[in-house]
Asks: 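Mind having a look at this structure? Questions to follow.
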Amino acid sequence: MKRRLASPIRRLRAQRGLRTPGHLHRLAAAGAAGLLLAGVASPAGAVEPARYSGIQQDQSLPTNASESGYEFTIGGGVGYSPRYMGSDEYRATPALNLALQTPFGVFVGLGGIGYRLTLPAGFFLSAALSYDDGRKEDPKGLDSGSKKLRGMGDIKGSLFTTLQAGYAIGDIAVVSVATDIPLTNRDRGNVYRFAVDGIVYKSAADSVGVGAAAHFASGKYAQTYFGVTANQSLNSGFGQYSPGGGLYGVSLTANWTHKFTKHWSTTVAGGVMRYTGNASKSPIVFNKTNYQVAATLDYTF
């Protein structure tokens, strides 16, 4: 979705899995208000940290851009995703796809601005800077959150960096590990991911990719997004709950891209996030399984 499937792997960027937290990058939200394989950003964020809703492409992953080394994609469509991680409420939102890749390793998109270092034998490292919108107890517009969370207070937005390392198996698959580390509002905690993305079908006009990821949280992150403090319990009525860190969810994603011409293409993507362990027992997790889908029409040059 982001750029054309230049290298189908790119399409697979999902982290990544469904961005679990209400991570809703305003950046992504701005255009990805929905989930969109490429810009699932905001809405998608509802399921996982927005960008990693499994539907959004991961620009930090290796890709085969045009011979010039530059590739720019812009597009839009619609998405359907949960209001926050563990929500039983869904919403339709506009979706924006925006991605720029350069031959110098610099990439820009809804997932942030970053740099990818290509290493020998298919290995790579990347670092990106992005913004997460947090979660609101009384959401407005594209905000992530729900009125069901009244009394829980808002989770403030945060500027964060994503560090990733991986191994690309040609144009067929990518195995990677990544972490999101907040640079502001650091009390929200960190998240970690292990993901495997691959292309199961590719022709001149079509490409089908799938991905799977395991999502882990630090103790602070688990408390921020799934816990209920004594004060929050008093204000909201939810029982007090203190989850520990560790595996909090697993995700599966799939996407299909069809190219009409050299520049025009459409992408349909979907993902499912299953909350596990202590996260699944949280009183604010009304649904242990969240889904999201999106479709966009894109122009690449």
Side-chain angles (χ1 to χ4, degrees), residues 14-26 28 41 44-54 56 58 60 82 84-87 111-112 114 125-136 144-145 149 152-166 175-196 212-233 238-251 273-285 288 290:
Q15 138 107 107
R16 337 171 121 266
L18 296 122
R19 199 177 216 232
T20 49
H23 268 72
L24 238 220
H25 313 109
R26 164 96 37 203
V47 178
E48 209 231 85
R51 322 177 282 154
Y52 296 99
S53 49
Q56 166 183 328
D58 190 342
S60 64
Y84 71 90
M85 291 191 297
S87 176
L125 298 173
S126 72
L129 190 65
S130 204
Y131 183 78
D132 174 59
D133 223 13
R135 188 184 69 197
K136 305 295 189 299
S144 174
L149 300 178
M152 289 293 294
D154 295 341
I155 296 177
K156 296 179 181 179
S158 177
L159 180 69
F160 66 95
T161 182
T162 296
L163 304 178
Q164 184 177 49
V175 178
S176 64
V177 291
T179 179
D180 289 346
I181 303 174
L183 302 179
T184 61
N185 189 25
R186 302 183 65 180
D187 287 341
R188 68 189 296 163
N190 306 338
V191 290
Y192 313 91
R193 294 172 297 279
F194 171 75
V196 178
H215 307 263
F216 302 84
S218 65
K220 287 184 177 181
Y221 187 89
Q223 183 63 47
T224 299
Y225 282 94
F226 302 107
V228 180
T229 65
N231 187 54
Q232 289 175 324
S233 177
F238 291 117
Q240 188 172 342
Y241 186 64
S242 300
L247 179 68
Y248 70 89
V250 292
S251 62
M273 179 74 157
R274 176 69 179 182
Y275 296 100
T276 62
N278 294 332
S280 67
K281 301 173 184 177
S282 171
I284 62 174
V285 171
K288 297 180 182 180
N290 277 167

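Everything numeric here is computed off the predicted structure, so don't read it as measured data.
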Asks: With a 4.5 Å limit on heavy-atom distance, are the side chains of Asp180 and Phe160 in contact?
Replies: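 The answer is yes, as the side chains (C-beta and beyond) meet within the 4.5 Å cut-off.
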Asks: Could you check whether any side-chain N or O of Thr161 sits under 3.5 Å from a backbone N or O of Ala128, counting only pairs where one atom can act as donor and the other as acceptor?
Replies: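 Yes, Thr161 side chain to Ala128 backbone: donor-acceptor pair under 3.5 Å.
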Asks: Can you see which heavy atom on Leu125 is nearest to which on Ala165, and at what distance?
Replies: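 What the structure gives for the nearest pair is CD2-CB, 3.6 Å.
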Asks: Rounded to the nearest 0.5 Å, what separation is found between the CE atom of Met152 and the NZ atom of Lys136?
Replies: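 That separation rounds to 14.5 Å.
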Asks: Compute the centroid of each ring, for Tyr241 and then for Phe226, and state whether the two points are separated by less than 6.0 Å.
Replies: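 For Tyr241 and Phe226, the ring centres are not under 6.0 Å apart.
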Asks: Check whether any side-chain heavy atom of Arg188 sits under 4.5 Å from a side-chain heavy atom of Lys156, and report yes or no.
Replies: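 Heavy-atom side-chain distance check fails, nothing below 4.5 Å.
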Asks: Specify the closest pair of heavy atoms between Leu163 and Ala127, including all atoms of both residues, with the distance to one decimal.
Replies: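 Shortest heavy-atom contact: CD2-CB, 3.8 Å.
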Asks: Would you find a donor on one side and an acceptor on the other, under 3.5 Å apart, between the side chain of Ser280 and the backbone of Gly277?
Replies: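 Here the side-chain-to-backbone pair exists.
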Asks: Run Thr229 and Gln223 through side-chain contact (heavy atoms from CB on, under 4.5 Å) and show every step you take.
Replies: CA-CA 8 Å; Thr229 65; Gln223 183 63 47; 3.8 Å; yes
Asks: To check you understand the geometry: which heavy-atom pair defines the closest contact between Ser176 and Gln164, and what is its length?
Replies: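 Scanning both residues completely, I find the closest heavy atoms to be OG-NE2, 3.5 Å.
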Asks: Looking only at atom types and distance, does a side-chain atom of Arg135 sit under 3.5 Å from a main-chain N or O of Asp154, one as donor and one as acceptor?
Replies: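 Between the backbone of Asp154 and the side chain of Arg135 there is no qualifying donor-acceptor contact (under 3.5 Å).
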Asks: Tell me whether Ser233 contacts the main-chain N or O of Phe238 through its side chain, where contact means a donor paired with an acceptor under 3.5 Å.
Replies: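 Yes, the answer is positive, given that a donor and an acceptor are paired below the 3.5 Å cut-off.
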Asks: Checking Asp187 now: which residues fulfil side chain to side chain contact (heavy atoms under 4.5 Å, CB included) with it, not counting sequence neighbours?
Replies: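 Expected list: Lys220.
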Asks: Is any side-chain heavy atom of Ser251 less than 4.5 Å from a side-chain heavy atom of Arg274?
Replies: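 They are not in contact (no side-chain heavy atoms under 4.5 Å apart), so the answer is no.
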Asks: Any side-chain heavy-atom pair from Thr179 and Val191 closer than 4.5 angstrom?
Replies: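 No. Closest side-chain heavy atoms not under 4.5 Å.
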Asks: CD1 of Ile284 to CG of Leu149: how many Å apart, nearest 0.5 Å?
Replies: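 The distance works out to 6.0 Å.
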Asks: Provide the closest heavy-atom pair for Gly249 versus Met273 in the form atom of the first, atom of the second, distance.
Replies: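 For Gly249 versus Met273, the nearest heavy atoms are CA-CE, 4.2 Å.
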Asks: Please evaluate residues Ser158 and Asp132 with respect to the criterion side chain to side chain donor-acceptor pair (under 3.5 Å), reporting the C-alpha separation (whole Å), side-chain torsions for both, the decisive distance (0.1 Å), and the verdict.
Replies: CA-CA 5 Å; Ser158 177; Asp132 174 59; over 6 Å; no
Asks: Grab the two heavy atoms, one from Asn185 and one from Gly157, that are nearest each other, plus how far apart they are.
Replies: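 Answer, listing the atom of Asn185 first, then Gly157: CB-O, 3.8 Å.
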Asks: Can a donor-acceptor pair be found, under 3.5 Å and without considering hydrogens, that links the side chain of Asn290 to the backbone of Ser87?
Replies: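 Yes: the side chain of Asn290 pairs with the backbone of Ser87.
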Asks: Please examine the side chains of Pro243 and Lys281, heavy atoms only from C-beta on, and report whether any two atoms are closer than 4.5 Å.
Replies: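 No, too far: nothing below the 4.5 Å cut-off.
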Asks: When rounded to the nearest 0.5 angstrom, what is the spacing between OH in Tyr248 and OH in Tyr192?
Replies: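 That separation rounds to 11.0 Å.
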Asks: If I compare all heavy atoms of Gly239 with all of Pro283, which pair ends up nearest, and what's the gap?
Replies: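 Gly239 and Pro283 have their closest heavy atoms at O-CG, 3.6 Å.
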